[in-house]
Amino acid sequence: MSRPRLLPLALLGLAVSYAVLVPWLQPLDPRAVDLSAVLQAPSGQHFFGTDTLGRDVWTRSAQGLRMSLFLALLASGFSTVLGVGVGLLAAWRGGLVDRIAMRLVDATNALPHLLLAVVIVALWRGQWWAIVLSIALTHWTQVARIVRSRLLAERTADYVQLARASGAGTAFIWFTHLLPAVAPQAAIALVLQLPHAIWHESSLSFLGVGLPPESASLGLLLDDARGGLLAGAWWLLAFPAGMLVLVSWSTAALAGTAGTRRLRSGPARAFSKSSTTQPATAPAVARAIPHTDPDQSLDGAAIRVSGLGLRIPSTTAPGAASLVLKGIDYRAEAGRINVIIGASGAGKSLLLRTLAGLPPAGASFTGNIAVGGRTLDAAGLAAVRGTETVLVPGSSGTALNPVRTVSAQMRQTLKAAKRPSSPADALAALEAAAIDGSLAARYPHELSGGQAQRVALALGVAVGARILLVDEPTSALDSDTVGHVETLLRSLASAGTTIVMVTHDLELARRIADHLAVVQDGLVVESGPASEVLGNPAHPATDSLLGALA
Ligand SMILES: Nc1ncnc2c1ncn2[C@@H]1O[C@H](COP(=O)(O)OP(=O)(O)OP(=O)(O)O)[C@@H](O)[C@H]1O
């Protein structure tokens, strides 16, 4: 165990043992008073002295700590459940539900918490559950915000898109990616709330609106200390206050360390390495899944697109939208390598995402998209993901789940594709895509940018869909590794898979493309057999792109 966690853990362990064991070994009736032994200083008989009613402060502090911990745990648990529930609901439903939930969060935050808690507790005076309720109802908002924002970020993460693009169902994505991403945040939020809840309970009892005076909690003990202090009985304040500070500090330190560790191993650190790659050691020969269904090659086209327009609503100006694809006509030849090139921002990635049924949130398309000879609407495009199409997103930095090993992600992909998914199957699928088996046990942050990019491609290939839509698969690779990817794509195509690849690498396009399309400003301005387009460019946009190669 790391040093920073050892001290708080040891102190918290001691405090909890004290709170549990002492009242059990030395039961003390909280109402029992001994007026012959009032305000005795700490001694061998009374380690923490006695109070104004002659009660043993050592035993009462243990009872008080136990009660405070119990109430704080319940309150933190309840407020975490409430916060997680509201956060999940807001992120899941979005729209009006999200807006109402967030206004509720703002309204709760605007109220003075202690005052609100005092009102609640005053309504049900002396009831322990009223204290729990008052703390939970004023502390859930932070958790709701954290969970909501984590979930919103996670839902649009590329590795979730990749899982969706591989045909994984909603429940699978929730249980495999979304909930595991939210759970550690909720756990840390719970621990972080503990010290806060202890202080809150103590404040309420200290103010005289918490537990009845005969019971014991740290707040009540501190309240008792007021009278004794005037008589010089410093121990009445020192020991309960010391407990309060010790327990608060150790739980806060533990939660802080856990949060920092999570951040270090999470997405922020993942892929922070440079994009240099190690050459693959395995031969780049794909175990491609043969596609022999003749349907999709009725007229030689795996995908046919006509008049495709894509409108994306503005997130800032209500009612406004921008037309980013402006009437695209396109065809991808079945069992061939179809390359799409174009300047940055031309619309290449959005074309791929639309074909995969994964346009940006709220976007709608017009025109006609036919996949494998069938014209499909948005729901149809989503339904054929994983069988007809699979999308490998461009940004390798976020295409992999940061908290799962390469092997685990491959097994998930195989499982979602309803294929054998043992560790040996995962290894075989990785090696079939020319990924060194030694990378299987690594987490994404332990991969170079290029290795991560190839793993993302391997996950897409493992789905075994007829059409592989792949965005910039070589942007982070050196020339050796580009060669491995090239061989992989060629072998997939020769086994019948249709490849539709977006790339800025014109050398690669020249070497590998059977069919080439040039996109400019949301339109396909030129397309056809690669040799024709490259040999005799007809559009100025193609000319200027190829000019860089000359
Ligand atoms: N979610 C979005 N909302 C609004 N506009 C978007 C969104 N995503 C992309 N765009 C815009 O659509 C246009 C096309 O984007 P796209 O990502 O398809 O470009 P690209 O050709 O793939 O560029 P690059 O080669 O730089 O990746 C750009 O002008 C971009 O700003």
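Being a predicted model, the structure only gives us computed values, none of them experimental. Computed from heavy atoms alone, side chains included, the values below leave out hydrogens, waters and symmetry copies.
Taking the ring-ring contact (aromatic ring centres under 6.0 Å, His included) definition, one finds that H139 meets it with H113, H196, H200, sequence neighbours left out. Every residue two or more places apart in sequence or in another chain was checked for a side-chain hydrogen bond (donor to acceptor under 3.5 Å, both in side chains) with H539, and none qualifies. Every residue was checked against the side-chain hydrogen bond (donor to acceptor under 3.5 Å, both in side chains) condition with S407, not counting sequence neighbours, and none meets it.
Residues V524 and D329 have side chains not in contact (no heavy-atom distance under 4.5 Å, counting atoms from C-beta outward). In this structure, F365 and I328 have side chains that are not in contact, with every pair of non-hydrogen atoms separated by 4.5 Å or more. The side-chain heavy atoms of R304 and I369, taken from C-beta on, include no pair separated by under 4.5 Å.
When the shell of 6.0 Å around CZ of R336 is examined, it contains 12 or fewer heavy atoms from other residues, nucleotides or ligands.
Side chains of N109 and T141: a donor-acceptor N/O pair is present below 3.5 angstrom, by distance only. With hydrogens and angles left out, the side-chain atoms of T503 and D505 include no donor and acceptor closer than 3.5 Å. There is a side-chain donor-acceptor pair under 3.5 Å between D471 and S349.
Contacts classified as side-chain hydrogen bond (donor to acceptor under 3.5 Å, both in side chains) and involving residues 513-523 (residues at least two apart or in different chains) are given here: K326-D521. For the side-chain hydrogen bond (donor to acceptor under 3.5 Å, both in side chains) condition, no pair includes a residue of residues 357-367, sequence neighbours left out. Applying the salt bridge (charged side-chain N to carboxylate O under 4.0 Å, His left out) definition to pairs two or more places apart or across chains, those involving residues 98-107 are D98-R148, R103-D106, D106-R145.
Minimum interatomic distance between Q453 and S475 (heavy atoms only, all atoms of both residues): NE2-OG, 3.0 Å. Here the shortest heavy-atom pairing between A197 and S76 reads CB-OG, 3.8 Å. Here the closest non-hydrogen pair linking A408 and R404 is CB-CB, 4.3 Å.
Under the 3.5 Å distance criterion, the side-chain polar atoms of E446 are matched with a main-chain donor or acceptor of Y443. Looking at D377, its side chain does come within 3.5 Å of a backbone N or O of G380 through a donor-acceptor pair. Remark: the backbone N or O of A426 is not paired with any side-chain donor or acceptor of R411 at under 3.5 angstrom. Looking only at distances, a side-chain donor or acceptor of Q451 sits under 3.5 Å from a matching main-chain atom of S448.
Between the CZ atom in R510 and the CD1 atom in I341 there is a gap of 9.5 Å [rounded to 0.5 Å].
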